[in-house]
Every structure is written in C-alpha cells, then in structure tokens.
*Asks:* 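Pasting a structure below so you can have a look.
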Amino acid sequence: MKKAYKYGLIGYVLVMVCSTLVPIIFDNEQLQALVIFPLVLVLVYWTKMNGKELGLEFGRLRDYVWAVLYPLGICLVIAVIALVTGNIGPLNYPNETTGKIIYTLLYTFIVALATEEGFFRGWLFGILERDRIDPRLILILTAVAFSAWHLPLFLLDPSFTGSMLPIYITGGIISGLIFGLLRYISGSIIVSSFSHAIWNTLVYSLFGIGSGIGILGIKTTNIFSPESGLLGLACGIVFMVILWLWTSKKVGFEYPTNQK
C-alpha cells in the first residue's frame with residue numbers, strides 16, 4: 001500500500017471519529033465542521049505539507065467562472081422549472097434577509113476554507129497527489145469521503161427525513177466531484193471554497209435546509225431542492241459530466257513528465 005493511502009486513511013478516520021463524537025458530546029452540530037480545523041493543522045504538520053500541496057493558491061479568473069456557474073446555474077434552472085410548474089410559493093423575504101445572506105456567504109467561505117475544503121480538497125487531496133495517484137481516482141476517493149462525512153449531520157438534523165438519504169448521499173458524491181474538479185483545474189482550495197460558499201448560501205437561502213422552506217416558498221423539496229431533491233441531483237450530474245469532459249480535454253488527467 002502506498003504511503004499516501006496510509007496517511008489518507010489515518011487522517012480520514014481521525015476526522016470522522018472527531019466529527020461524529022464531538023457534536024454529540026457537546027450537543028452542538030456546528031462542531032462537526034469546526035473540529036476539522038485543528039485536525040487539519042495537526043495533519044499538515046505531521047506530513048510536512050506545504051502551501052502549494054494544500055492548495056493555498058488563488059487560481060485564475062477562468063476557475064472562478066466555473067466556481068460561480070455551478071451553484072448559480074443549478075439554482076437558476078431549478079427555480080425556473082419550479083416557477084413554470086407553479087411550485088413557487090409566497091416569497092418570504094424579511095428586511096434582514098439581505099444582511100443574513102451576505103453574512104452567510106462570508107462566514108461559509110471562511111469556515112469551508114478552514115474545514116471541509118481544507119481537509120477534503122486540501123490535505124486529503126494533496127497527500128494523495130504527493131504519491132502521484134491517478135487524479136481521477138483521487139477525485140472519486142475524496143468525493144466519496146466527503147459525502148460519507150455528511151452522514152452524521154444527516155442523522156443529527158431533524159429537518160432531514162429518511163427518504164432523502166439516497167439522494168443526499170449521491171448528491172454529496174456529485175458535489176464532491178465538482179468541488180474536487182474545481183480544485184484540480186485551479187490547484188486552489190480558495191476556488192473550491194468560494195464555490196462551496198455560494199452553493200450553501202444560495203441553496204439554503206432560496207430552497208431551505210432539509211425539508212425546511214426557503215425564500216422561494218417551495219414545499220416539494222424532495223423534487224426541487226438542489227441538495228436533496230431529484231432535480232438537484234439530475235442537474236448536478238449534468239454539470240459534473242460537462243466539467244469532467246472539459247477538464248479531460250483542456251487540462252488532462254496526467255501528471256507532467258518532469259514532475260518529481
């Protein structure tokens with residue numbers, strides 16, 4: 001077994017155990033993500049990972065176009081379909097909503113960069129790249145790991161119902177692949193964190209969390225939710241395939257021959 005697999009497995013088990021137990025012990029589900037930050041620092045120190053390996057680069061303008069297009073495009077398509085089919089309810093937009101949206105965007109970007117993106121697309125992605133493992137395999141492994149990490153949150157949050165689980169987990173893999181592709185083509189977890197922050201902000205504000213109702217007043221979340229609905233899953237798969245094919249053609253999945 002390559003050293004990267006051993007390191008990756010140890011790091012992932014550590015994150016999963018802490019992310020599952022800490023929120024239960026302290027009765028605070030927000031700690032599921034926040035506990036990752038000190039673990040990432042320990043793992044980076046342990047494996048002597050540098051900033052470039054971790055993905056601490058800004059990326060190019062083109063990369064941010066993809067980062068915005070993913071959440072914005074999917075939410076727009078689903079919102080239009082919901083409007084045409086008469087599934088938009090009474091809009092719920094109190095005066096303080098704008099401030100909350102801006103706060104959520106900034107807060108989520110910082111937290112995602114330091115936790116979920118910092119680990120899955122940062123340390124875990126980077127430690128697997130260090131041993132020159134096939135990038136396609138890295139994308140799949142980190143996406144599955146990312147989706148599985150969300151399972152305790154699903155079980156602890158009463159707004160999720162059991163019928164949502166298959167789509168929620170499958171959708172987590174798809175979004176993990178997309179965030180991974182953004183990290184791969186840009187070399188940056190800042191790009192993937194930016195996309196992650198926009199996704200959470202738009203989806204949770206417009207469509208709600210779990211079975212909750214968002215600004216658009218859509219009640220049939222099992223169909224229209226971008227994160228746990230059938231349309232969201234279908235749109236995510238289409239976007240992932242497009243980005244994967246584009247990456248294969250424009251970037252490729254081969255390491256430079258002169259890379260050590």
Side-chain angles (χ1 to χ4, degrees), residues 29 64-105 107-109 112 116 143-144 146-148 150-151 153-182 192 194-247:
E29 65 182 44
Y64 288 94
V65 172
W66 281 112
V68 173
L69 188 59
Y70 167 47
L72 186 61
I74 289 180
C75 287
L76 182 60
V77 167
I78 295 177
V80 169
I81 294 175
L83 177 63
V84 171
T85 57
N87 282 282
I88 297 289
L91 298 183
N92 180 24
Y93 198 93
N95 294 332
E96 66 272 12
T97 300
T98 301
K100 288 183 178 179
I101 290 175
I102 295 174
Y103 170 79
T104 300
L105 179 64
Y107 175 80
T108 305
F109 172 73
E116 294 177 63
V144 172
F146 174 68
S147 180
H150 283 80
L151 186 57
L153 176 62
F154 182 94
L155 298 175
L156 291 171
D157 193 333
S159 66
F160 290 102
T161 60
S163 61
M164 295 179 178
L165 184 59
I167 294 177
Y168 184 78
I169 293 299
T170 307
I173 295 175
I174 299 301
S175 62
L177 284 170
I178 294 172
F179 292 141
L181 284 165
L182 291 173
S192 60
F194 183 62
S195 185
H196 198 151
I198 297 175
W199 173 269
N200 283 10
T201 301
L202 285 180
V203 170
Y204 299 156
S205 298
L206 296 177
F207 299 89
I209 301 177
S211 56
I213 308 299
I215 292 173
L216 297 180
I218 298 175
K219 296 182 179 179
T220 50
T221 53
N222 61 320
I223 296 176
F224 292 98
S225 171
E227 194 161 273
S228 57
L230 287 171
L231 271 177
L233 179 60
C235 290
I237 290 173
V238 170
F239 189 92
M240 185 275 293
V241 170
I242 293 172
L243 184 55
W244 187 288
L245 293 175
W246 183 90
T247 302

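Since the structure is predicted, the reported quantities are computational estimates derived from the model, not experimental observations.
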*Asks:* Quick one, F239 and L69 - any side-chain contact, counting heavy atoms below 4.5 Å?
*Replies:*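 Counting from C-beta outward, F239 and L69 do come under 4.5 Å.
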
*Asks:* Not counting sequence neighbours, which residues clear ring-ring contact (aromatic ring centres under 6.0 Å, His included) with Y168? List them please.
*Replies:*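 Testing Y168 for ring-ring contact (aromatic ring centres under 6.0 Å, His included), a comparison that skips the adjacent residues, returns F154, F160.
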
*Asks:* Going by heavy atoms in the side chains, are I215 and I101 under 4.5 Å from each other?
*Replies:*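 Result yes, sub-4.5 Å side-chain heavy-atom pair found.
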
*Asks:* One pair to check against side chain to side chain contact (heavy atoms under 4.5 Å, CB included): I198 and V68. What are the steps and the verdict?
*Replies:* CA-CA 7 Å; I198 297 175; V68 173; 3.9 Å; yes

*Asks:* Show, in sequence, the C-alpha distance, side-chain angles and deciding distance for L105 and F109, and conclude whether the side chain to side chain contact (heavy atoms under 4.5 Å, CB included) test is met.
*Replies:* CA-CA 6 Å; L105 179 64; F109 172 73; 5.8 Å; no

*Asks:* Identify the heavy atoms of C235 and I78 that sit nearest to each other, and give their distance.
*Replies:*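 The pair with the smallest heavy-atom distance is SG-CG1, 4.2 Å.
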
*Asks:* Tell me every residue that passes ring-ring contact (aromatic ring centres under 6.0 Å, His included) with Y103, counting only those two or more places apart in sequence or in another chain.
*Replies:*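 Once residues adjacent in sequence are excluded, the partners of Y103 under the ring-ring contact (aromatic ring centres under 6.0 Å, His included) criterion are Y107.
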
*Asks:* Quick one: pull up NE2 in H150 and CD1 in I173 and give me the separation to the nearest 0.5 Å.
*Replies:*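 Reported to 0.5 Å precision, the distance equals 12.0 Å.
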
*Asks:* How close do C75 and V203 get, heavy atom to heavy atom, and via which atoms?
*Replies:*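 Smallest interatomic distance, heavy atoms only, reads SG-CG2, 3.9 Å.
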
*Asks:* Show every side chain to side chain donor-acceptor pair (under 3.5 Å) that has at least one partner inside residues 227-237, sequence neighbours left out.
*Replies:*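 Only W199-E227, Y204-E227, S225-S228 qualify under side chain to side chain donor-acceptor pair (under 3.5 Å).
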
*Asks:* When you compare the side chain of L231 with that of I81, does any pair of heavy atoms fall below 4.5 Å?
*Replies:*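 Side-chain contact under 4.5 Å: yes.
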
*Asks:* Return the minimal non-hydrogen interatomic distance between I88 and L216, and the atom names on each side.
*Replies:*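 Closest heavy-atom pair between I88 and L216: CG2-O, 3.5 Å.
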
*Asks:* Treating T97 as the side-chain partner and P94 as the backbone partner, does any N or O pair qualify as donor plus acceptor under 3.5 Å?
*Replies:*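 Yes.
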
*Asks:* Using modelled atom types and a 3.5 Å cut-off, is there a donor and acceptor pairing between side-chain atoms of S175 and backbone atoms of G172?
*Replies:*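 Yes, because the side chain of S175 sits within donor-acceptor range (under 3.5 Å) of the backbone of G172.
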
*Asks:* Over 60° means perpendicular and under 30° means parallel, so tell me whether H196 and F146 are parallel, tilted or perpendicular.
*Replies:*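 Plane angle over 60°, so perpendicular.
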
*Asks:* Could you check whether any side-chain heavy atom of W244 comes within less than 4.5 Å of a side-chain heavy atom of L181, counting everything from C-beta outward?
*Replies:*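 Sidechains of L181 and W244: in contact.
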
*Asks:* Test your reading of the model: is there a side-chain donor-acceptor pair from T108 to the backbone of A197, 3.5 Å cut-off?
*Replies:*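 Not confirmed, T108 side chain does not pair with A197 backbone.
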
*Asks:* Just so I know, are the side chains of I174 and L233 near enough to count as touching, which here means a heavy-atom distance under 4.5 Å?
*Replies:*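 Contact flag for I174/L233 side chains = yes.
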
*Asks:* Hey, does S195 have a side-chain heavy atom less than 4.5 Å from the side chain of W66?
*Replies:*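 No, every pair of side-chain atoms sits at 4.5 Å or beyond.
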
*Asks:* First locate atom CD1 of I178, then atom CG of L243, and finally report the distance between them rounded to the nearest 0.5 Å.
*Replies:*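 The CD1 atom of I178 sits 7.0 Å away from the CG atom of L243.
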
*Asks:* How far apart are the closest heavy atoms of A82 and F224, and which atoms are they?
*Replies:*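 In this case the closest contact between A82 and F224 is CA-CE2, 3.6 Å.
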
*Asks:* Under a 4.5 Å cut-off applied to non-hydrogen side-chain atoms, are Y93 and T98 in contact?
*Replies:*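 The answer is yes; the side chains approach within 4.5 Å.
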
*Asks:* Is any side-chain heavy atom of N222 closer than 4.5 Å to a side-chain heavy atom of I167?
*Replies:*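 No, every pair of side-chain atoms sits at 4.5 Å or beyond.
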
*Asks:* Using 0.5 Å steps for rounding, measure from the CD1 atom of I242 to the CD1 atom of I237.
*Replies:*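 Rounded to the nearest 0.5 Å, the CD1-CD1 separation comes to 12.0 Å.
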
*Asks:* Show the nearest heavy-atom pair for residues I218 and I213, with the distance to one decimal.
*Replies:*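 Where I218 meets I213 most closely, the heavy atoms are O-CD1, 3.3 Å.
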
*Asks:* Any donor-acceptor pair under 3.5 Å linking the side chain of S147 with the backbone of A143?
*Replies:*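 No; judged by distance alone, with no hydrogens or angles, the pair does not exist.
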
